[in-house]
Amino acid sequence: MLNLSLKQLSQQLREKAFSSEELTRFFLDRIKKHNDRLNAFITINEEESLSMAKKADITIANGNQSLFTGIPIAQKDIFCADGWRTTCGSKMLENFVAPYNATVIQNFNDAGAINLGKTNMDEFAMGSSNETSYFGAVKNPWNLEYVPGGSSGGSASAVAARLAPAATGTDTGGSIRQPASLCGFTGLKPTYGLVSRYGMIAFASSLDQAGPMAPSAEDCAMMLNVMASHDIKDSTSLPHPKEDYMTSLGDSIDGLRIGIPKEFFGEGLDSEVQKIIEDAILEYQKMGAEIVDISLPNSELAIPVYYVIAPAEASSNLSRYDGVRYGYRTKEYDDLMDMYFKTRQEGFGDEVKRRILIGTYVLSAGYYDAYYLKAQKIRQLISNDFAQAFQKCDVIMGPSAPSAAFKAGEKKEDPLAMYLQDIYTISTNLAGLPAMSIPAGFTKDLPVGLQLIGNYFSEGHLLNVAHQFQLSTEWHRKIPKEID
Ligand code: GLN
């Protein structure tokens, strides 16, 4: 069961090679065995997972199954799941039990999937190493002294160590792709608006997007079929017609024009990572792709722009945690003001407070035009760069992250160094474009990911471009030795 793809799991469930209950138990046992070391899950609920599996087995016995019936999926703890504790990695929501389902969770439930548990994450999805979680740091299964990336680090660690066949993540500035790169599997951030944000705890609403994290592009395509849906409960959900992302897997990529942005290969990129990315691009050339040199001239502004816009939106979104409505409330206080202060002082961690401070500052009267408005204008220029680039190429390739995984603690006290982890991923969030990370090699026994960026709603195409690489390479099949 360990190495089967989602499609194979589905087939074997249908053929009754094993039941969903057996499959779910298998992964729950792996979680029990390895979670102490990896800290990938915040909450497991064995009883609930097994009860879902038993229901799935009845559906299968009656012959009413769909592709996902009975398959366990780990869910990032940012998605509200009815009856499940949903913490977003924060003390603020330590004891919050969601009273409803996020649309992503509902879609998986409707498809018959099993909720395997809620995965650890940076607090409110702010971070690139999963060291800001109130529930402790997550470990990279390739080397336990290294970080798994963030903020979807629990999902990443779980997928890499096969504690789950697949997981969900969210990507505001790189939180699916950077951990996918650092842990050696496939992750996709869809076009903004393709996957509903309803019930997904908000960090920066104009950037947040949920997506699949799984060993292969084929697995991700199967997940996206379930995750993507137009949703009237999310005002930014787009009425894009339902697609089957698996049908394009298998299309020829002969003549594919790959744009290589010179800005992605400059200073700051680890030389071994660069070599791996260049080799992967050569592999595509062997498959018949052409290389086109392109430029994304404003990409150096992506990080400063993001660190104005994301904190601005976060400061607004996080104002709801006031100790009154739900979540943590301080024990002792003098009056209402004192209660607000103490609740937020005790309930939020340092990185979250840093973002709230920056966000409040850039939105304040007198600074709004100089920072927030300016950042929004540059955001448009960044989108325009991509629009121009896509006139010359079909897909853009480069590194997902500037280096392989780094040691735990190495960048924790240096926010700027940490923020640079997302230097190649953030611009696609600002533009709302879909992008993936796929395993492309190893440096010093740590995985390295290749990033693929597509035009709006080109997920089917992008997944196939990734799939073609995975048909001729084995990187995505590697499993860390330490975890058996
Ligand atoms: N690392 C980035 C940040 O800290 C992105 C996080 C994310 O994509 N959720 O904001």
Side-chain angles (χ1 to χ4, degrees), residues 76-79 88-90 104 119-133 137-138 147-156 167-183 187-190 192 195 197 200-213 302-315 317-318 348-359 362 375 379 400-403 405-406 410-437 449 451:
K76 183 174 182 178
D77 206 16
I78 198 166
F79 295 102
C88 217
S90 182
V104 164
T119 58
N120 205 341
M121 55 181 286
D122 278 303
E123 186 178 8
F124 287 103
M126 298 172 189
S128 297
S129 64
N130 224 298
E131 294 170 291
T132 74
S133 170
V138 178
V147 304
S151 65
S152 312
S155 286
T168 54
T170 61
D171 191 312
T172 303
S175 282
I176 288 176
R177 291 162 286 160
Q178 185 256 9
S181 177
L182 271 48
C183 287
L188 164 71
K189 179 205 94 72
Y192 182 80
V195 176
R197 292 184 300 106
M200 182 175 116
I201 295 172
F203 162 13
S205 309
S206 76
L207 301 160
D208 299 342
Q209 188 61 201
M213 302 172 79
I303 292 213
V305 164
Y306 174 89
Y307 279 98
V308 170
I309 294 175
E313 295 183 15
S315 72
N317 276 324
L318 270 57
F348 289 136
D350 289 348
E351 185 58 30
V352 174
K353 285 178 189 155
R354 182 178 293 126
R355 308 273 178 121
I356 293 173
L357 284 172
I358 298 171
V362 299
R379 181 179 190 172
S400 301
S403 66
F406 47 94
E410 197 181 302
K411 300 189 200 291
K412 208 174 161 205
E413 306 307 327
D414 184 353
L416 290 184
M418 191 72 91
Y419 295 172
L420 284 171
Q421 272 297 303
D422 296 317
I423 189 153
Y424 306 124
T425 47
I426 273 180
S427 47
T428 51
N429 296 79
L430 292 166
L433 291 164
M436 300 183 67
S437 179
Q451 187 177 200

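None of these values were measured; they are calculated from a predicted model. No hydrogens, no waters, no symmetry mates; every other heavy atom, side chains included, goes into these values. The first residue in the sequence is number 1, and the count goes up from there. Just follow the structure's listing: the first ligand is 1, and inside any ligand the first atom is 1.
Remark: ligand 1 atoms within the under-4.0 Å shell around heavy atoms of Tyr307 are 2 (C), 3 (C), 4 (O), 10 (O). With ligand atoms numbered from 1 in the order given, ligand 1 contributes 6 (C), 7 (C), 9 (N) to contacts under 4.0 Å with heavy atoms of Ala125. Each of the atoms 2 (C), 3 (C), 5 (C), 6 (C), 10 (O) of ligand 1 lies under 4.0 Å from some heavy atom of Tyr306. Residue contact check: Gly174 has heavy atoms under 4.0 Å from atoms 8 (O) of ligand 1.
Aromatic ring orientation, Phe348 versus Phe124: perpendicular (interplanar angle above 60°, classes split at 30° and 60°).
Looking at atom 2 (C) of ligand 1, its nearest protein heavy atom turns out to be Asp422 OD2, 2.9 Å. The closest protein non-hydrogen atom to atom 7 (C) of ligand 1 is Ser175 OG, 2.4 Å.
Considering only heavy atoms from C-beta on, Ser403 comes within 4.5 Å of Gln421 through its side chain. Annotation: side chain of Lys412 is not in contact with side chain of Ser129 (no heavy-atom distance under 4.5 Å). With a 4.5 Å cut-off on side-chain heavy atoms, Met126 and Leu318 count as touching.
Taking only nitrogen or oxygen atoms, main chain and side chain alike, Met126 does not reach within less than 3.5 Å of ligand 1. For ligand 1, none of its N or O atoms has an N or O atom of Gly150 under 3.5 Å away. In terms of N/O distances under 3.5 Å, ligand 1 is approached by Gly127. Not a single N or O atom of Thr170, backbone or side chain, sits closer than 3.5 Å to an N or O atom of ligand 1. Considering backbone and side-chain atoms together, Thr172 places an N or O closer than 3.5 Å to an N or O of ligand 1.
In this structure a side-chain-to-backbone donor-acceptor pair under 3.5 Å is present from Asp208 to Phe203. No donor-acceptor distance shorter than 3.5 angstrom exists from the side chain of Glu351 to the backbone of Gly127, with no hydrogens or angles considered. For Thr132 (side chain) and Glu123 (main-chain N/O), a donor-acceptor pair under 3.5 Å exists by modelled atom type.
Residue contact annotation: Arg355 has a non-hydrogen atom under 4.0 Å from ligand 1. At least one heavy atom of Ser151 sits less than 4.0 Å from an atom of ligand 1. Ligand 1 is never approached by Tyr419 to a heavy-atom distance shorter than 4.0 Å.
Side-chain contact annotation: Lys76 with Ser152, donor-acceptor N/O pair under 3.5 Å present.
Contacts of Asn429 classified as side-chain hydrogen bond (donor to acceptor under 3.5 Å, both in side chains), with partners at least two apart in sequence or in another chain: Asp171, Arg177.
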